[in-house]
Amino acid sequence: MDLTSVASALPWIPLLPFLGFLINGCCGTRISRRAAGWIACLGPLGAFLIAYLGLLALAQEQSPRAFLECSLGDWISVGDLVVRAGLRLDRLSVVMALVVTGVGSLIHVYSVGYMSHDKGFTRYFAYLNLFLSMMCILVLADNLVLMFVGWEGVGLCSYLLIGFWYEDPAKASAGKKAFIVNRIGDFGFILGIFLIFVTCGTVDFAELFRWLASAREGLPAGVAFAATMLLFLGATGKSAQIPLYVWLPDAMAGPTPVSALIHAATMVTAGVYMVARLSFLFVLAPTTLLVIAAVGGLTALVAGFYALTQNDIKKVLAYSTISQLGYMFLGAGAAAFGASIFHLFTHAFFKALLFLGAGAVIHALHDEQDLRRMGGLGKKLPLTCAAMVVGSLALAGIPPFAGFFSKDLILLSLLEAAHRTGQPVWYLLWAMGLVGALLTAFYSMRLIAMAFLGAPRGDAEAHEAAEDPPVSMGAPLIALIFCSALVGLFSWPKLFGGFERFIHYLDWVTAQVPAAPGELGHGVEWLNLCASVGMGVAGMAAAYFLYVVAPARPRELVRASPALGRLYELSLNKLYVDEYYDRWIVKPLQAAANYAWEIFDVLIVDGFVNGVAAWVLDLAASARKLQTGVVSYYAISLLLGGIALLGYFVLWV
Amino acid sequence: MPDIGSAELRVLLPVLAPLLGALAVLLTDPYLDKGRPKLPLVYIALGSLMAAWAALGFLWGDRVVAWSGALAADRFGLYLGFAIATAAGLTVLSSAGYARKMGVDCGEYYSLLLLATAGMLLLAMANDLLMVFLGIETMSIAVYCLAGITRERPRSVEAAMKYFLLGAFATGFLLYGIALIYGATGEVRLERIAHHAANRPLLLAGLGFLLVGFGFKVGAVPFHMWAPDAYEGAPAAVTGFMAAGVKAAGFAAFLRVLLTAFGGEAAAAAWAPALWMLAALSMIVGTLSALAQTNLKRMLAWSSVAHTGYALVGVVGGGGVAGNGSAAVLFYVLTYSVMTLGPFLVIALLSRAGEEFEQIDDLAGLARRRPVAAAALSLFLLSLAGIPPTAGFMGKLFVFRAAIDSGWLGLGVIGILATLVSVYYYLRPIVLMYMREPRAEFNASEPTDWASHFAIGVAALALLLLGVLPSDAIAASLESVRGLW
Amino acid sequence: MFTLTNCLVLSALIFAVGAYGVIARRNILIMLMSVELMLNAVNLSFIAFARYYGSALAPASSGTTGQVFVLMTMVVAAAEVAVGLAILIALFRGRHSVDPGDLDLLKG
């Protein structure tokens with residue numbers, strides 16, 4: 001494999017989907033749906049193949065730091081102000097590029113079936129292709145400014161696709177909400193870029209790395225903190241973390257494959273990618289890392305908490321995504337960027353699988369999204385059910401599914417951070433991660449139980465008519481089932497004699513913090529593993545108990561044999577459990593969830609933002625009063641200014 | 001008595017072209033039908049401005065000083081001269097329809113525009129204080145009239161009156177400053193003033209008064225108070241011209257005087273703290289006041305005050321002729337003049353007969369009815385807010401960086417904070433345009449004003465070009481400053 | 001009697017009187033006249049400086065610049081007054097008032 005020839009093909013990774021966008025966007029109604037579908041799918045597939053060639057080319061290189069580079073020329077070049085634009089494929093970006101184009105291709109194929117009856121078919125694929133193109137630019141950019149171009153591009157596509165069915169005002173407004181909330185984060189990102197640029201004089205990742213390594217006095221701690229915090233603010237917007245997560249649940253208004261691709265597998269992970277990309281900068285600001293971990297942990301916990309009580313199948317998955325993104329930041333905050341990217345990697349597969357499965361359910365039931373009106377679909381939709389079960393097992397972190405390995409690594413990295421820094425707060429974050437795992441397992445099982453197990457609760461006719469999706473939707477599901485089940489093996493834990501290949505693959509492209517003297521010890525690792533698996537199993541079991549075991553079985557047993565009177569009581573109590581659970585757990589949970597929502601959203605987030613805004617507006621109103629409209633006062637202001645200047649120049653200087 | 005050789009005439013060409021154009025307009029006007037659109041006047045005005053453009057391009061190159069050193073055709077003056085001529089041209093294009101709507105489609109309007117342009121170009125090339133004074137007055141007197149040209153609108157006349165009174169008042173200070181500088185040095189030529197020691201109280205007092213005059217023209221706090229009232233009252237096309245042209249010309253002369261006559265280290269150390277204060281006040285007061293506005297023109301006026309502050313940041317962080325700051329100011333004022341003219345072109349396009357389209361709330365739902373106008377206005381506002389990839393971002397980047405590089409960190413921080421706050425009021429109209437239902441009626445039924453659309457398109461394209469490919473413009477600004485001596 | 005210092009002090013005093021007139025008087029016409037007073041005060045300074053530089057006290061330079069400046073100022077002042085009065089007339093037609101306090105449509 002010739003490195004240079006692959007390198008020169010790099011621009012085609014974003015270009016191929018972009019061509020798809022151009023053809024589908026311009027020709028629109030003039031080409032048949034079939035042709036449009038093919039065009040839309042071929043772009044991402046081609047991009048995937050090039051990215052795969054890139055992976056092979058990188059594998060041939062001796063140096064783990066090797067990269068493929070393709071310069072797009074000087075963008076701005078004046079004096080000492082030089083911004084070069086180029087694409088760069090190294091070990092980190094190749095992983096991201098493969099995920100983006102791979103999962104992206106599958107979802108494109110799935111969409112052909114899912115959107116087949118929509119009148120905006122070509123428009124949909126044009127947007128989706130544009131999204132993929134922008135995402136590839138984001139991933140492959142070799143400098144912050146180009147990355148920002150991609151960052152804004154994916155934001156725009158996300159906005160367009162959330163509001164895809166723009167005739168529905170609620171859906172259109174969800175798009176706007178996403179757009180506006182993201183602007184807040186983007187502004188932080190811009191300021192962060194700006195700060196880095198004025199301090200280091202470059203926005204190129206490699207040059208920045210060299211600058212940081214060579215600068216004699218290094219980056220001032222304050223600047224490092226401010227820049228990384230601003231960048232992280234950008235990440236909280238794009239990756240839906242506290243306090244800017246609010247747009248993601250609303251973003252579920254878009255078509256389900258969009259939720260799978262943009263709002264679960266790829267775009268929302270851009271923030272994590274950015275942190276990993278700039279990991280060499282973030283490790284210079286330990287405070288920021290702690291903030292990242294705290295925000296991630298809190299988000300993982302709170303979003304998992306919200307997911308417990310959602311009845312919309314997509315909302316459950318949306319909160320779950322937020323929660324899992326929280327895990328990724330938890331790992332990044334612990335300076336375990338490899339683990340964080342690994343979780344991103346596995347999450348992309350199993351969350352895409354869950355969303356596509358949910359899409360199949362919604363499709364089968366003709367746009368029914370309410371879990372309370374589902375139930376018993378397991379027999380009607382075996383493939384979908386299998387997909388959802390595998391996805392849920394992976395999400396809940398049950399071995400040997402993918403999520404188990406990555407989540408385990410993140411939790412372990414928190415213990416290592418505690419060991420390394422000696423700060424007890426990392427133990428707290430670890431505990432938060434564990435509780436989050438419990439919640440995750442619980443709501444995953446609850447979703448499965450409510451949708452696929454038990455008796456049908458919805459419309460009987462719709463239930464009868466429901467059937468598994470067609471091949472174009474089924475094939476991606478099957479592919480993702482295998483991926484979700486198996487990709488965890490890329491990082492077989494050391495504990496079981498593995499090498500953690502994936503993590504070490506990224507070792508040289510993400511920053512490493514010096515390890516503390518002494519190993520954690522196998523005991524701690526076993527403890528972590530057992531705790532995380534235990535939480536997963538416990539959560540699932542509890543949900544199974546509460547949602548599946550309860551139904552009418554006991555009644556029949558009692559009738560069959562009067563001798564089982566006591567058992568009847570117990571069975572009856574089991575029946576009560578639902579109500580008991582409803583009254584004493586669901587309601588308080590709901591109230592508490594609401595309460596938490598009030599505290600976080602209304603009081604802290606809105607309160608703070610509005611408070612500052614109100615203060616500034618008050619100031620503005622008083623500034624306005626100075627402009628009285630009377631020309632004499634204006635003249636006085638001018639005169640006083642003149643006297644002040646005169647005084648300054650004559651007396652002061 | 002200098003010999004009026006070819007160099008003398010060549011240098012004067014950019015000023016002569018609009019001047020002759022103004023004369024031609026006045027002479028042609030009586031022969032045109034009263035009831036019909038006076039398109040010949042537009043053609044004459046455009047022709048003379050193109051001639052001015054060509055003359056500027058012709059002079060672009062080495063420094064030519066003529067008229068006993070009174071005028072200098074160097075890149076420094078020509079750089080912003082291009083901005084001025086372009087702004088005037090776009091204003092004329094937009095006026096073809098707008099002036100008719102406002103009932104001022106007459107020879108006076110176009111001739112005043114051209115006379116003001118001549119004054120601005122003179123100011124941009126002025127190399128002694130007498131020419132500075134003449135340029136400022138030629139420009140200002142014409143602009144006072146333009147602000148009040150819609151005589152039937154009380155707000156227009158009030159704006160003209162306020163602008164005039166305060167302008168004349170400020171002129172007094174400017175003139176006094178010149179007199180004191182003359183008294184201290186016996187010179188009015190900029191580079192000769194520089195030979196005198198800068199620490200004499202009389203000279204510094206003169207500089208202080210000079211700053212009042214320039215501060216007034218560029219709208220720096222606390223000499224800014226005319227700006228919101230004049231911008232709001234004046235007809236939209238004139239306001240745009242004022243905001244772009246007057247400020248560009250003002251900054252050209254301001255910067256030239258500071259760099260040439262007071263460019264020495266001692267002098268720069270004296271004025272930098274004073275301008276620091278003006279810059280900080282302008283950014284803070286301008287940004288805060290813009291927040292609470294409901295009138296688009298007034299909001300843009302306050303924003304122009306804030307932008308004066310941003311440009312002054314570059315002046316403070318100028319680093320003399322060798323530094324990047326002064327070049328950054330040139331580039332900033334160039335981009336600023338385009339992006340502030342743009343919104344006024346849109347307002348002029350949307351205005352109806354005798355009635356300005358100026359309330360921010362009226363913008364609601366504009367994107368549905370007038371998608372092109374809404375898109376262009378959004379682009380201009382985004383650029384004013386300094387969001388990439390527009391020119392406004394590049395300008396701010398360049399200016400703030402120059403200031404921070406030369407150690408004025410505080411000013412850079414104030415600038416960034418002000419920018420942060422300003423996003424609120426720049427984005428609000430965009431939100432209204434794209435995310436609300438239409439409330440007001442838009443004049444969608446009128447025949448399309450192609451000239452106006454063309455002008456808006458040129459401005460939008462220029463902003464994008466300057467934002468995406470700023471290299472040439474930045475390089476030219478650096479050359480301009482380097483070639484000042 | 002007509003020393004440079006005396007002339008400059010007188011000029012500064014007249015300038016101050018003019019500036020005071022602009023900010024204190026409640027009649028636009030008088031404000032205009034006050035502005036003219038300021039300009040003429042400056043003219044006095046120019047003449048004084050021109051005479052100083054034209055005399056033997058400062059042999060290296062000539063005083064013509066200052067005198068030319070005075071002539072220019074007078075021309076400009078005349079133009080300014082013409083425009084100012086025209087605007088004032090337009091204003092008076094609409095409001096029948098020359099009180100600057102009545103200019104209150106534009107504020108905030």
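Below, read A as the first sequence line, B as the second, and so on, with proteins coming before strands; counting in each chain starts at 1.
Contact between B:A179 and C:V42 at its shortest, heavy atoms only, is CB-CG1, 3.7 Å. Residue B:E137 comes nearest to C:E80 through the heavy atom pair OE1-OE2, 2.6 Å, listed as atom of the first residue, atom of the second, then distance. Nearest heavy atoms, C:S11 versus B:Y176: OG-OH, 3.8 Å. Pairing each heavy atom of B:M161 with each of C:L91, the nearest pair is CG-CD2, 3.8 Å. For the residue pair B:G172 and C:L39, the shortest heavy atom distance occurs at CA-CD2, 3.8 Å. Minimum heavy-atom separation, C:R95 to B:P154: NH2-O, 3.1 Å.
For B:A292, no part lies near chain C; criterion is any non-hydrogen pair under 4.5 Å. If you measure heavy-atom distances from C:V75 to chain B, you find no contacts under 4.5 Å at all. In this structure, chain B has heavy atoms under 4.5 Å from both the backbone and the side chain of C:A12. For C:A82, no part lies near chain B; criterion is any non-hydrogen pair under 4.5 Å. When heavy atoms are compared at a cutoff of 4.5 Å, C:L4 does not approach chain B at all. In this structure, the portion of C:F15 lying under 4.5 Å from any heavy atom of chain B is its side chain and not its backbone. Heavy atoms of B:F169 lying under 4.5 Å from chain C belong to its backbone as well as its side chain. At a 4.5 Å heavy-atom cutoff, B:E152 makes no contact with chain C through either its backbone or its side chain. Only the backbone of B:A184 comes within less than 4.5 Å of a heavy atom in chain C; its side chain stays farther off. Heavy atoms of C:V76 lying under 4.5 Å from chain B belong to its backbone as well as its side chain. When heavy atoms are compared at a cutoff of 4.5 Å, B:L174 does not approach chain C at all. Contacts of B:I178 with chain C are made by both backbone and side-chain atoms, with heavy-atom separations under 4.5 Å.
Taking B:R155, B:M225, B:Q293, B:R151 one by one and counting their heavy-atom pairs under 4.5 Å with chain C, the maximum is reached by B:R155. Contact count against chain B (heavy-atom pairs under 4.5 Å) is highest for C:L103 among C:V35, C:N43, C:L103, C:V68. Ranking C:A86, C:A19, C:S34 against chain B, the residue ahead of the rest is C:A19, based on heavy-atom pairs under 4.5 Å. With chain B as partner, the option from C:G94, C:A90, C:G84 having the largest number of non-hydrogen pairs under 4.5 angstrom is C:G84.
In this structure, CZ in B:R298 is found 10.0 Å from NZ in C:K107, a value given to the nearest 0.5 Å. B:L129 CG to C:T65 OG1: the interatomic distance, rounded to the nearest 0.5 Å, is 11.0 Å. Put simply, CE on C:M31 and CG on B:L166 are 7.5 Å apart, with the number rounded to the nearest 0.5 Å. The structure places CG of B:L130 at 8.0 Å from OG1 of C:T73, a figure rounded to the nearest 0.5 Å.
The backbone N or O of C:L106 sits less than 3.5 Å from a side-chain atom of B:K162, completing a donor-acceptor pair. Side-chain N or O atoms of B:E158 include one that pairs as donor or acceptor with a backbone N or O of C:L105 at under 3.5 Å. A donor-acceptor contact shorter than 3.5 Å is absent between the side chain of B:Y144 and the backbone of C:I87.
In this structure, B:F164 and C:L88 have side chains that are not in contact, with every pair of non-hydrogen atoms separated by 4.5 Å or more.
Relative orientation of the C:F49 and B:Y182 rings is perpendicular, given thresholds of 30° and 60° on the angle between their planes. Relative orientation of the B:F133 and C:F69 rings is tilted, given thresholds of 30° and 60° on the angle between their planes.
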